[in-house]
Amino acid sequence: DAILFPRRFAMDEDATRLSSLAELAQLSEGAPHWGVLRGDVDQFESRLRTAGSIEEHIHLSILLKKFIAGEIAFLCTLPEFWRRVTLLYRGGDDFIVAGSWDALIGFAREVHRVYDTFVETNFAGMAGLEGKTISVSLAIAPKIDAPLASVYEEAASSLRTVKASEPGTLHLFGRSLEAKRLADAEELKSALMRMVREFGFSGDFIHDLAAVYREASSALAARRGRTVRVEKPWRTYMQVSRVLPQGRSKELANIRNTVIAHLLGRRTAGMKLRPSSRVGLEWARLAAGS
């Protein structure tokens with residue numbers, strides 16, 4: 001309790017008052033939404049129980065508390081977050097932040113990155129996986145005036161689920177994926193947004209793509225977040241190809257091929273649907289304002 005760090009709140013442009021959730025939503029890319037991001041180190045209590053002495057127990061506790069208190073607060077000061085993310089809570093092994101929905105995705109990625117570095121520095125020589133991963137869950141408010149309490153609880157509920165089934169992953173848009181797979185989702189999102197921004201297509205086609213993806217996914221795989229082999233690949237390929245905008249530009253054709261490869265793989269006969277693809281689709285849909 002004697003470890004003191006300043007609180008981190010998102011302020012308005014004049015730095016005279018705290019930004020409201022509605023104001024944070026307006027700073028989002030595309031659709032104006034805010035969200036709540038919750039993170040919790042996996043099985044850290046189990047790690048403490050394996051401590052060989054009281055001194056080691058105290059050392060581990062303080063070490064992680066310094067990380068949560070210091071690193072999480074520091075991330076809030078980075079240029080891409082400082083006006084768009086507010087730190088709501090930080091404990092001994094967990095934290096909660098609220099902010100613009102797209103800023104929270106980047107924040108979650110940074111949390112995983114800095115925690116991996118922390119583990120390599122401090123826990124690498126310890127046996128077992130306890131305390132070596134962190135689970136993060138993002139809940140996005142369905143509308144700008146949604147109650148904070150309901151979004152807060154949604155993030156808590158999904159975090160409990162992911163910690164029990166897939167610890168160490170990032171949960172967003174109803175899917176859990178490894179932090180390193182977020183780059184795949186972002187690449188898909190970027191390709192789709194190029195169609196909207198550079199070629200002038202309406203973002204409605206992204207919504208239609210998401211519908212095709214949901215139709216092709218099985219309910220069981222959706223719950224477990226696993227890769228799914230498509231039973232009728234030719235049909236899914238035709239649906240995706242029909243929805244994607246077409247043109248004579250070679251560059252547009254290359255982007256279309258990139259999108260199809262992300263969604264269905266590069267071999268028609270072995271099409272698979274990946275959790276990162278669904279995340280990328282939903283990410284692009286919101287970024288396009290739909």
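A salt bridge links Glu186 to Arg109: at least one charged side-chain nitrogen sits closer than 4.0 Å to a carboxylate oxygen. Between Lys189 and Glu29 there is a salt bridge, with a side-chain nitrogen of the basic residue lying less than 4.0 Å from a carboxylate oxygen of the acidic one. Salt bridge annotation for Asp102-Arg84: present, with a cationic side-chain nitrogen under 4.0 angstrom from a carboxylate oxygen.
Listed for the Trp34 side chain is a donor-acceptor partner under 3.5 Å among the backbone atoms of Ile144. Judged by distance alone, the side chain of Ser276 and the main-chain N or O of Leu182 form no donor-acceptor pair under 3.5 Å. For Ser19 (side chain) and Met11 (main-chain N/O), a donor-acceptor pair under 3.5 Å exists by modelled atom type. A donor-acceptor distance shorter than 3.5 angstrom exists from the side chain of Thr117 to the backbone of Arg113, with no hydrogens or angles considered. No donor-acceptor pair under 3.5 Å is formed between the side chain of Arg285 and the backbone N or O of His207. Remark: side-chain polar atoms of Ser249 are paired, donor with acceptor, to backbone N or O of Glu251 under 3.5 angstrom.
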| task | Might you work through the side chain to side chain donor-acceptor pair (under 3.5 Å) test for His171 and Ser176, ending with a clear yes or no? | result | CA-CA 4 Å; His171 185 87; Ser176 295; 2.8 Å; yes

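A cation-pi contact links Arg38 to Tyr152, judged by a cut-off of 6.0 Å to the six-membered ring centre and 45° from its axis.
Note on Leu78 and Ile72: same hydrophobic cluster, where clusters join Ile, Leu, Val, Met, Phe, Trp and Tyr whose side-chain heavy atoms are under 4.5 Å apart, directly or indirectly.
Taking the six-membered ring for Trp and thresholds of 30 and 60 degrees, Tyr115 and Phe67 have ring planes more than 60 degrees apart, a perpendicular arrangement.
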